[in-house]
J.: 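The structure's right below; bear with me while I get my questions together.
Counting begins at 1 with the first residue of the sequence. Just so it is clear, the values below take in all heavy atoms, side chains as well, and ignore hydrogens, waters and symmetry mates.
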Amino acid sequence: MVLQTRLGLKAALGLMIVSGFILPSLLIGASDFEKWEKEIAAYEQADRTSPPPKGGLLFIGSSTIRLWKTLASDFPQQGVINRGFGGSQIVDSTHFAERIIFPYAPRMILLRAGGNDIHAGKSPELVFSDFRAFVAEVREKLPDAQIAYIALSPSIARWDEKQKGEALNRMIREYTREIPGLKYIAAESISLGPDGKPRPELFVADKLHFSPEGYKLLAESVRPHLPR
């Protein structure tokens, strides 16, 4: 009953993929949310000390967002809020929406997540259903906010997961075309060179996270989609 209340039976448990019904991870208890508590509490403390402006742009998701140190300078005068937490999956952003999304009443939410989900063994179909659950959760409390998904781009470290990332991107891209207020930001090829392989200079030493040059390209992909 608690879980049903939590999701409000969003998407009617009918997060329907072509092959049938896929239950979002929140409903099957796939995540350990407690491990994020310290990081989320730190954000809440920062909010009490210096409340972010309402109606801004909220960037949320995994380490690509958390490590985006130039976010505010890349999008000046936009009221940017960074609430990424490294290692997180889409269900984690959904779970903590009451604490690090809704209080800011953002006019746009930009989500970049899904790679850790796939790396943890989830199928693209399950991650897609988690994205739909995220959208349903946000729409319930912030019906006028735009939601943009920043596409996954291949990395050197996780090159063997490229096809699954492409499948997830494809499903989300098609879904956003059907739903008003959703956007798909095509960043899937920014990390690739003319040979179709990841460019080493766009990554730091771990070959997974972007270098400053990589973030520059990511910002260029995002900029045209922001509210005027």
J.: Determine whether Ile109 and Leu142 make a side-chain contact, defined as any pair of heavy atoms from C-beta on separated by less than 4.5 Å.
T.: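 Yes, their side chains come closer than 4.5 Å.
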J.: What I'd like to find out is whether the side chain of Arg107 reaches to under 4.5 Å of the side chain of Lys54, using heavy atoms alone.
T.: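 With C-beta onward as the side chain, the pair stays apart.
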J.: Which atom pairs, donor and acceptor, lie under 3.5 Å between side-chain atoms of residues 55-65 and protein residues at least two apart or in another chain?
T.:
{"unit_1": "Ser63", "atom_1": "OG", "unit_2": "His209", "atom_2": "NE2", "d": "2.7"}
{"unit_1": "Thr64", "atom_1": "OG1", "unit_2": "Arg112", "atom_2": "NH1", "d": "3.2"}

J.: Does Asn82 use its side chain to pair, donor to acceptor, with the backbone of Gly84 at less than 3.5 Å?
T.: yes
J.: Is any side-chain heavy atom of Phe210 closer than 4.5 Å to a side-chain heavy atom of Trp68?
T.: no
J.: Ion pair present between Arg132 and Glu137, side-chain N to carboxylate O less than 4.0 angstrom?
T.: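 Looking at Arg132 and Glu137, the cut-off is not met.
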J.: Can Glu213 and Arg199 be counted as an ion pair, charged N to O under 4.0 angstrom?
T.: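 Between Arg199 and Glu213 there is no salt bridge, as every charged N stays at least 4.0 Å from the carboxylate O atoms.
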J.: Taking all atoms of both residues into account, what is the closest heavy-atom pair of Ser93 and Leu111, and its distance?
T.: OG-CD1, 4.1 Å
J.: Would you say Leu168 and Leu218 are hydrophobically clustered, going by side-chain heavy atoms of ILVMFWY under 4.5 Å?
T.: no
J.: Would you kindly confirm whether Ile81 and Ile40 end up in one hydrophobic cluster when ILVMFWY residues are joined by side chain heavy atoms under 4.5 Å apart?
T.: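 Yes; Ile40 is reachable from Ile81 via cluster members.
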J.: Treat each ILVMFWY residue as a node, draw an edge where side-chain heavy atoms are under 4.5 Å apart, and state whether Leu192 and Ile190 are in one component.
T.: no
J.: Strictly distance-based, threshold 3.5 Å: is any side-chain N or O of Tyr184 a donor or acceptor partner for the main-chain N or O of Arg170?
T.: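 No; zero donor-acceptor contacts below 3.5 Å.
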J.: Do Arg158 and Asn116 make a side-chain contact, defined as non-hydrogen atoms from C-beta onward lying under 4.5 Å apart?
T.: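 With C-beta onward as the side chain, the pair touches.
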J.: Please examine the side chains of Leu110 and Met108, heavy atoms only from C-beta on, and report whether any two atoms are closer than 4.5 Å.
T.: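 They are in side-chain contact.
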J.: Carefully, step by step, assess Asp47 and Tyr104 under the rule side-chain hydrogen bond (donor to acceptor under 3.5 Å, both in side chains).
T.: CA-CA 9 Å; Asp47 293 343; Tyr104 315 127; 2.5 Å; yes
J.: So do Glu188 and Glu166 actually touch side chain to side chain, heavy atoms under 4.5 Å?
T.: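 Of all side-chain heavy-atom pairs linking Glu188 with Glu166, none is under 4.5 Å.
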J.: Do Ser155 and Lys207 touch side chain to side chain, with heavy atoms closer than 4.5 Å?
T.: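 The answer is no; the side chains never approach within 4.5 Å.
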J.: If we check salt bridge (charged side-chain N to carboxylate O under 4.0 Å, His left out) with Glu44, which of these qualifies: Arg83, Arg99, Lys38?
T.: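 Only one of Arg83, Arg99, Lys38 forms a salt bridge (charged side-chain N to carboxylate O under 4.0 Å, His left out) with Glu44, namely Arg99.
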J.: Just by modelled atom types, is the Ile90 backbone N or O under 3.5 Å from a matching donor or acceptor in the Asp117 side chain?
T.: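 Indeed, once roles are kept as given, a pair shorter than 3.5 Å links the two residues.
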J.: Look at Lys122 together with Asp130 and state whether they make a salt bridge at an N to O cut-off of under 4.0 Å.
T.: yes
J.: Taking atom CD as the centre, does Glu220 end up with more than 12 heavy-atom neighbours from other residues, nucleotides or ligands that are less than 6.0 angstrom away?
T.: yes
J.: For Arg223 and Gln78, test the side chains for any donor-to-acceptor distance below 3.5 angstrom and give the result as yes or no.
T.: no
J.: Are the side chain of Ser221 and the backbone N or O of Leu217 linked by a donor-acceptor pair below 3.5 Å?
T.: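 Yes; judged by distance alone, with no hydrogens or angles, the pair exists.
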J.: Is Glu161 salt-bridged to Lys164, cutoff N-O under 4.0 Å?
T.: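 Not counted as a salt bridge, because no side-chain N and carboxylate O are separated by less than 4.0 Å.
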J.: Is any side-chain heavy atom of Ile147 closer than 4.5 Å to one of Phe134?
T.: yes
J.: Any donor and acceptor pair, going by atom type alone, linking the side chain of Ser191 with main-chain N or O of Pro154 inside 3.5 Å?
T.: yes
J.: Does Phe85 have Arg66 sitting over its ring (NZ/CZ under 6.0 Å from centre, angle to axis within 45°)?
T.: no
